[in-house]
Amino acid sequence: MTYSSTERTSLLSVALASIESGLQTGRALEPDVDGYPPALIETRASFVTLNLNHTLRGCIGSLEPCTSLVRSVAENAYAAAFRDPRFPALTLPELAGLTIHLSVLGPLQEVACDSEADLLGQMQPGIDGWVIQDGQFRGTFLPSVWESLPDERLFLEHLKMKAGLGADYWSDTIAVWRYSTESFSAAVQDIEKDTAVGK
């Protein structure tokens, strides 16, 4: 899973165009997949993270692949800008200051662990994203979260809290997955317009 600079530019252009579509029409961009190379129309899961002045401004994504990568990016970019419940909808004056960060997810790999200590021993800071689930409670952290939570125990505690569980919670029914990502980003003013967008 390695995308060329041209493919990365295309995906960033799709994300930006979808946010602009949301500002102009209230709807996400619906890219025509015929305008893209095969690697970008594979069914893949993605996350889109928006930062404004180095501060989180929205982050939405999917863990399971359910549509083509270009459409996944378009939908998640729109949702990160306008549907993240933690933030008000993005406004036009904010657009120029955004940095768009894309993460394309590899497949989820279930991790067998019989205790919290066992799980902590399998975590490699800075490498993988993680998903934790127990019943209806589920949460994920992208690999980039390691930058702010570099300690395995703190990372896991915060991941459990994100899932709606207590920081010290553990159960024999907890399920855990790891995944890799290919991530790249650009400031809005540096994103080149892709002629394929919106074809």
Side-chain angles (χ1 to χ4, degrees), residues 1-63 65 67-106 126-127 129 140-150 162 179-199:
M1 180 177 64
T2 301
Y3 296 99
S4 69
S5 59
T6 299
E7 290 166 343
R8 291 181 173 203
T9 295
S10 291
L11 291 173
L12 287 163
S13 295
V14 166
L16 175 55
S18 195
I19 294 170
E20 291 174 334
S21 175
L23 288 168
Q24 295 163 5
T25 71
R27 297 187 305 274
L29 178 75
E30 296 183 10
D32 178 358
V33 296
D34 292 338
Y36 295 92
L40 303 190
I41 58 176
E42 292 178 347
T43 302
R44 301 300 295 268
S46 71
F47 268 77
V48 177
T49 303
L50 306 178
N51 288 300
L52 181 63
N53 301 322
H54 307 290
T55 301
L56 182 66
R57 184 59 179 83
C59 180
I60 297 287
S62 53
L63 290 167
T67 188
S68 64
L69 179 55
V70 288
R71 287 183 175 162
S72 175
V73 166
E75 292 166 5
N76 290 330
Y78 171 82
F82 304 105
R83 298 286 174 83
D84 188 326
R86 298 168 294 179
F87 302 96
L90 187 80
T91 62
L92 183 59
E94 293 177 299
L95 181 64
L98 284 183
T99 296
I100 301 175
H101 185 100
L102 304 184
S103 296
V104 183
L105 276 62
I127 304 298
T140 188
F141 275 158
L142 294 167
S144 57
V145 175
W146 286 109
E147 295 171 13
S148 54
L149 294 170
K162 185 180 181 185
Y179 58 89
S180 61
T181 65
E182 182 172 347
S183 299
F184 44 96
S185 61
V188 160
Q189 62 265 31
D190 295 331
I191 296 175
E192 300 174 18
K193 300 292 185 179
D194 189 328
T195 56
V197 171
K199 279 183 62 178

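Hydrogens, waters and symmetry mates are skipped; everything else that's a heavy atom, side chains included, is used.
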Verify, without hydrogens or angle tests, whether S21 (side chain) and R27 (backbone) share a donor-acceptor contact under 3.5 angstrom.
yes

Could you measure the distance from the CD1 atom of I60 to the CZ atom of R86? Nearest 0.5 Å is fine.
6.5 Å

Roughly how far, to the nearest 0.5 Å, is CZ of R71 from CD1 of I41?
9.5 Å

With sequence neighbours excluded, residues passing ring pair (Phe, Tyr, Trp, His ring centres under 6.0 Å) with F47:
none

Looking at every heavy atom in both A80 and C59, which two are closest together, and how far apart are they?
CB-N, 4.1 Å

If you round to the nearest 0.5 Å, how far is OG of S180 from CG of L142?
11.5 Å

Could you report the tightest heavy-atom contact between A77 and L50, atom names first, then the distance?
O-CD1, 4.5 Å

Measure the CZ-OG distance between R44 and S62 for me, rounded to the nearest 0.5 Å.
11.0 Å

Give me the atom names and distance for the closest heavy-atom approach of L69 to A39.
CD2-O, 4.2 Å

Got a sec, which residues hit side chain to side chain contact (heavy atoms under 4.5 Å, CB included) with R83, two or more places apart in sequence or on another chain?
Y78, A79

Gap separating the CG atom of L16 from the CG atom of L29, nearest 0.5 angstrom
10.0 Å

Run the numbers on I19 and V188 for side-chain contact (heavy atoms from CB on, under 4.5 Å), then give the verdict.
CA-CA 11 Å; I19 294 170; V188 160; over 6 Å; no

Is there a donor-acceptor pair under 3.5 Å between the side chain of E182 and the backbone N or O of V104?
no

With sequence neighbours left out, the residues meeting ring pair (Phe, Tyr, Trp, His ring centres under 6.0 Å) with Y179 are none

Quick one: do E75 and S18 satisfy side-chain contact (heavy atoms from CB on, under 4.5 Å)? Show the steps, please.
CA-CA 7 Å; E75 292 166 5; S18 195; over 6 Å; no

The criterion is side chain to side chain donor-acceptor pair (under 3.5 Å); which residues satisfy it with S68, sequence neighbours excluded?
none

Heavy atoms only: give me the nearest F141-L149 pair and the separation to one decimal.
CE1-CD1, 4.0 Å

Checking side-chain contact (heavy atoms from CB on, under 4.5 Å) for the pair L90/L98: CA distance, chi angles, key distance, verdict?
CA-CA 10 Å; L90 187 80; L98 284 183; 3.7 Å; yes

About how many Å separate CG of L12 and CD1 of I100, when rounded to the nearest 0.5 Å?
6.5 Å

Which pairs pass side-chain hydrogen bond (donor to acceptor under 3.5 Å, both in side chains) with one or both residues in residues 46-57, sequence neighbours excluded?
S46-S72, S46-N76, R57-E94

Output, in order, the C-alpha distance, side-chain angles, deciding distance and verdict of side-chain contact (heavy atoms from CB on, under 4.5 Å) for T67 and T43.
CA-CA 5 Å; T67 188; T43 302; 5.7 Å; no

In chain order, what residues pass the ring pair (Phe, Tyr, Trp, His ring centres under 6.0 Å) check against F184, with sequence neighbours excluded?
none

